[in-house]
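Notes to accompany the following structure.
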Amino acid sequence: VSRRSCWNLQRGNALSCAAGLAGIEFMERHSLADRAKQLGQKTLKRCSELKSKFSVIGDVRGRGLYVGGELVKKDGAPDPELLARLQKECFPKGLIVWKGGRFGNVARVMPALVITEDLLDDGLTIFEQGLRAVT
């Protein structure tokens, strides 16, 4: 999207277009897409390790920093109640666990693209501790 094409949109708001362009320029200037890919791989690896430790994690999937772990019962059925308990366990410790998936049983990790590695590690540690507490 070029600046010129944005201003020529008939239904666009000029201020909204300028804000969108500024956001895209910031992402490009700071290579946030590459950073999201790198941190996403790290997050997927750590979540896959959690899957081997906790039988309640049925699947781990994601792209970039948008990662989800499917929580399941022993028979493999979706377990949205476990996710609700996990959310309540993690929130007071400073981690918001988002609910997703068709059955409301996917714990989603969606940190800001500018998150520090230390803060990401802290969040994943809280997530692991939360899993220990509710299983």
Side-chain angles (χ1 to χ4, degrees):
V1 176
S2 71
R3 289 180 191 266
R4 185 174 180 184
S5 65
C6 187
W7 299 122
N8 289 332
L9 293 175
Q10 292 180 1
R11 294 189 179 150
N13 176 296
L15 182 59
S16 297
C17 288
L21 285 171
I24 292 168
E25 288 169 0
F26 181 88
M27 290 179 66
E28 289 174 344
R29 185 171 46 253
H30 296 282
S31 303
L32 293 185
D34 292 335
R35 189 168 190 287
K37 184 177 178 182
Q38 173 196 5
L39 292 179
Q41 289 170 344
K42 179 179 180 175
T43 303
L44 273 173
K45 181 178 184 246
R46 181 122 179 235
C47 288
S48 293
E49 291 168 0
L50 291 176
K51 181 181 178 204
S52 67
K53 292 180 185 179
F54 296 94
S55 62
V56 296
I57 301 177
D59 187 29
V60 173
R61 56 188 174 266
R63 186 174 190 166
L65 271 174
Y66 188 71
V67 177
E70 184 179 13
L71 301 182
V72 295
K73 298 176 183 176
K74 289 184 182 185
D75 64 358
D79 197 347
E81 292 83 16
L82 177 61
L83 177 56
R85 292 196 315 269
L86 179 63
Q87 288 176 306
K88 287 179 184 174
E89 181 68 29
C90 293
F91 185 75
K93 296 173 178 72
L95 179 67
I96 297 173
V97 178
W98 294 97
K99 175 174 66 171
R102 181 175 180 193
F103 302 104
N105 67 316
V106 177
R108 297 189 303 181
V109 176
M110 304 180 306
L113 297 177
V114 294
I115 192 168
T116 64
E117 284 194 56
D118 288 341
L119 192 55
L120 180 62
D121 288 337
D122 290 348
L124 291 170
T125 298
I126 293 169
F127 186 77
E128 182 174 1
Q129 292 168 347
L131 281 169
R132 261 198 211 99
V134 298
T135 56

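When a residue number appears, it is its place in the shown sequence, counting from 1. Side-chain atoms are counted along with the backbone in the values below, which use heavy atoms only and exclude waters and symmetry mates.
- Residues satisfying the salt bridge (Lys or Arg N to Asp or Glu O under 4.0 Å) criterion with Asp59, sequence neighbours excluded, are Arg61.
- Taking the side-chain contact (heavy atoms from CB on, under 4.5 Å) definition, one finds that Thr116 meets it with Asp118, Leu119, sequence neighbours left out.
- When every heavy atom of Pro111 is checked against every heavy atom of Leu120, the shortest pair comes out as CG-CD1, 4.1 Å.
- For Leu113, the side-chain contact (heavy atoms from CB on, under 4.5 Å) partners at least two apart in sequence or on another chain are Met27, Leu32, Ala36, Leu65.
- No continuous path of ILVMFWY side-chain contacts below 4.5 Å connects Ile96 to Leu83, so the two sit in separate hydrophobic clusters.
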Using atom types as modelled, flag every donor-acceptor pair under 3.5 Å from a side chain in residues 123-135 to any protein atom, sequence neighbours excluded.
| from | atom 1 | to | atom 2 | distance (Å) |
| --- | --- | --- | --- | --- |
| Thr125 | OG1 | Arg46 | NH2 | 2.9 |
| Thr125 | OG1 | Asp121 | O | 2.9 |
| Glu128 | OE2 | Lys53 | NZ | 3.0 |
| Glu128 | OE2 | Arg132 | NH2 | 2.8 |
| Thr135 | OG1 | Leu131 | O | 2.7 |

Which side-chain N or O atoms in residues 68-81 pair as donor and acceptor under 3.5 Å with protein atoms at least two apart or in another chain?
| from | atom 1 | to | atom 2 | distance (Å) |
| --- | --- | --- | --- | --- |
| Asp75 | OD1 | Ala77 | N | 2.9 |
| Asp79 | OD1 | Leu82 | N | 3.1 |

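- For the atom pair Asp34 CG and Glu28 CD, the distance stands at 11.0 Å (nearest 0.5 Å).
- The hydrophobic clustering, which links ILVMFWY residues whose side-chain heavy atoms are closer than 4.5 Å, places Val67 and Leu50 together.
- Judged as a salt bridge (charged side-chain N to carboxylate O under 4.0 Å, His left out), not a single pair has a partner in residues 103-115 (not counting sequence neighbours).
- Applying the ring-ring contact (aromatic ring centres under 6.0 Å, His included) criterion to Phe103, with sequence neighbours excluded, gives no partner residue.
- The hydrophobic cluster containing Phe54 also contains Leu44, counting ILVMFWY residues as joined when their side-chain heavy atoms lie under 4.5 angstrom apart, directly or transitively.
- Qualifying side-chain contact (heavy atoms from CB on, under 4.5 Å) partners for Glu117, counting only residues two or more places apart in sequence or in other chains: Gln38, Leu39, Lys42.
- Listed by chain and residue number, Glu25, Phe26 satisfy the side-chain contact (heavy atoms from CB on, under 4.5 Å) test with Arg29 (two or more places apart in sequence, or in another chain).
- Listed by first and then second residue, the salt bridge (charged side-chain N to carboxylate O under 4.0 Å, His left out) pairs that reach into residues 87-96 are Glu89-Lys93, sequence neighbours excluded.
- The line from OG1 of Thr43 to CE of Met110 is 13.0 Å long, rounded to the nearest 0.5 Å.
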